[in-house]
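Below is one structure, written out as structure tokens; comments come after it.
Throughout, residue positions are numbered sequentially from 1 according to the sequence presented.
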Amino acid sequence: MSQETAIASFKKFQQSWIEQLRNHLNHLRSAQNHHRNSATGDEERLREAVDRVMEHFREYHRAKWAATDKDVIEVMASPWASALERSLQWVGGWRPTTLFHLVYTESSILFESRIVDILRGFRTGDLSDLSPSQFRTVSELQCETVKEENAITEELSEWQDDASDLVMGTSSDPDQRIRRLAEIVHRTDDLRLRTITRVVEVLSPLQQAEFLVAAAELRTGVAGWGTSHDRRRSSEV
């Protein structure tokens with residue numbers, strides 16, 4: 001498969017993937033509501049919905065890995081993304097530490113909405129009810145992720161400092177330089193998938209569902225708003 005074909009294929013995949021994510025989001029919300037309205041809860045249905053979403057993220061990881069191997073420069077440029085999405089990107093995608101901000105924000109919002117029940121000693125079992133152990137583990141994961149992000153940022157900065165060799169045609173091995181960039185993107189995408197997987201593992205089934213709903217809403221919301229903004233801007237030209 002040529003570079004052009006591979007990138008065109010990934011662009012189509014990207015559009016389809018977002019639509020499927022919206023479907024998974026609806027299924028996840030349905031399972032979440034069913035669990036809350038059931039007298040005994042339905043954790044099996046929640047787990048099934050969570051597993052679907054996580055497999056969807058893994059599918060994206062595999063497809064992007066293949067596209068990166070074909071044309072890492074185009075992947076970094078992300079021509080399939082809206083201007084808003086590109087303005088928010090870090091090394092060709094979302095910043096892993098965003099996930100921790102989601103956990104803390106959702107936990108805070110839910111805590112405030114359920115504070116009366118919590119003060120009465122009722123256990124809600126959702127993100128407002130994170131245990132001290134869960135908070136500690138999430139905090140430790142955040143610190144580890146920040147360190148890895150910083151290391152990747154430094155490595156990419158070093159690659160960019162030497163990029164003039166590619167532009168000037170003075171690089172002794174341009175293919176090796178491009179391969180090094182692909183390795184950086186692969187390492188970053190691995191960190192993204194590993195981070196969301198490890199955060200989910202810390203949470204209970206209901207908390208997992210709430211967290212993934214928030215993550216999916218952010219992903220689809222940014223994509224939708226960015227696309228609408230680009231269309232409005234194009235119509236005004």
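Counting heavy atoms from C-beta outward, Arg192 and Phe57 have side chains that stay 4.5 Å or more apart. Residues His229 and Leu84 form no side-chain contact, since every pair of their non-hydrogen atoms from C-beta on lies 4.5 Å or further apart. Side-chain contact between Thr68 and Leu181 is absent, with no heavy atoms from C-beta onward closer than 4.5 Å. The closest side-chain heavy-atom distance from Trp94 to Val222 is not below 4.5 Å. Residues Gln160 and Leu156 are in side-chain contact: their nearest non-hydrogen atoms beyond the backbone lie under 4.5 Å apart. Residues Glu74 and Pro79 meet the side-chain proximity criterion, which asks for heavy atoms closer than 4.5 Å.
Of the possible polar contacts, none joining the Ser157 side chain to the Thr153 backbone as a donor-acceptor pair under 3.5 Å is found. Listed for the Thr105 side chain is a donor-acceptor partner under 3.5 Å among the backbone atoms of His101. Ser9 places no side-chain N or O within 3.5 Å of a backbone atom of Thr5 that could act as its donor or acceptor partner. Counting only distance, with no hydrogens or angles, the side chain of Ser16 and the backbone of Lys12 share no donor-acceptor pair below 3.5 Å. With hydrogens and angles ignored, the 3.5 Å screen pairs no side-chain donor or acceptor of Arg45 with any backbone N or O of His35. The backbone N or O of Arg95 lies less than 3.5 Å from a partner atom in the side chain of Thr98, making a donor-acceptor pair. Side-chain atoms of Thr227 never come within 3.5 Å of backbone atoms of Gly224 as a donor-acceptor pair (strictly under, hydrogens ignored).
Distance check: Glu217 CD to Arg22 CZ gives 12.0 Å after rounding to the nearest 0.5 Å. Distance CG/Leu127 to CD/Glu106: 7.0 Å, rounded to 0.5 Å. Going from atom CD of Gln32 over to atom CG of Asp126 covers 9.0 Å, rounded to the nearest 0.5 Å. Considering NE2 of His186 and CG of Leu191, their distance stands at 14.5 Å, rounded to 0.5 Å. Within the model, atoms OG of Ser204 and CG of Leu46 stand 8.5 Å from one another, a figure rounded to the nearest 0.5 Å. With rounding to the nearest 0.5 Å, the separation of CZ in Arg198 from CG in Leu141 is 4.5 Å.
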Margin query: Is there a side chain to side chain donor-acceptor pair (under 3.5 Å) between Glu201 and Thr197? Walk through the geometry before answering.
Written below: CA-CA 6 Å; Glu201 289 172 348; Thr197 300; over 6 Å; no

Note to self: What verdict does the side chain to side chain contact (heavy atoms under 4.5 Å, CB included) test give for Ile196 and Val199, after you've listed the backbone C-alpha separation in whole Å, the side-chain angles of each residue and the deciding distance to 0.1 Å?
What the structure shows: CA-CA 5 Å; Ile196 194 169; Val199 170; 5.7 Å; no

Margin query: If you apply the rule side chain to side chain contact (heavy atoms under 4.5 Å, CB included), what do you find for His56 with Glu59, and how did you get there?
Written below: CA-CA 5 Å; His56 197 54; Glu59 181 185 14; 3.6 Å; yes

Item checked: Stepwise side chain to side chain contact (heavy atoms under 4.5 Å, CB included) test for Glu148 and Thr145 -> CA-CA 5 Å; Glu148 290 196 62; Thr145 306; 5.6 Å; no

Check: Checking salt bridge (charged side-chain N to carboxylate O under 4.0 Å, His left out) for the pair Glu55/Arg62: CA distance, chi angles, key distance, verdict?
Finding: CA-CA 10 Å; Glu55 178 55 32; Arg62 292 190 293 269; 2.8 Å; yes

Next item on the list: Go through the steps for Val75 and Ile7 under the test side chain to side chain contact (heavy atoms under 4.5 Å, CB included), then give the verdict.
Entry: CA-CA 8 Å; Val75 167; Ile7 294 303; 4.2 Å; yes

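Side-chain N/O atoms of Gln134 and Gln207 include a donor and acceptor closer than 3.5 Å. Side-chain contact check for Trp90 and Thr188: no donor-acceptor pair (N or O, by modelled atom type) lies under 3.5 Å. Using a 3.5 Å distance cut-off with no hydrogens or angles, the side chains of Glu85 and Ser82 do pair a donor with an acceptor. For Gln142 and Tyr104, the side-chain atoms include at least one donor-acceptor pair closer than 3.5 Å.
The existence of a salt bridge linking Arg187 and Asp190 is excluded, since no basic side-chain nitrogen approaches an acidic carboxylate oxygen closer than 4.0 Å. Using a 4.0 Å cut-off between charged nitrogen and carboxylate oxygen, Arg52 and Glu48 count as a salt-bridge pair.
The aromatic rings of His61 and Trp65 sit tilted relative to each other, their planes meeting at an angle between 30° and 60°.
Of all non-hydrogen atoms in Leu21 and Ala216, the two that sit nearest each other are CD1-CB, 4.1 Å.
Linking ILVMFWY side-chain heavy atoms closer than 4.5 Å, directly or via other members, places Phe10 and Leu193 in a single hydrophobic cluster.
Within the cation-pi definition used here (under 6.0 Å to the ring centroid, within 45° of the axis), Arg177 qualifies as a partner of Trp159.
Within a 6.0 Å radius of CZ in Arg179, other residues, nucleotides and ligands contribute more than 12 heavy atoms.
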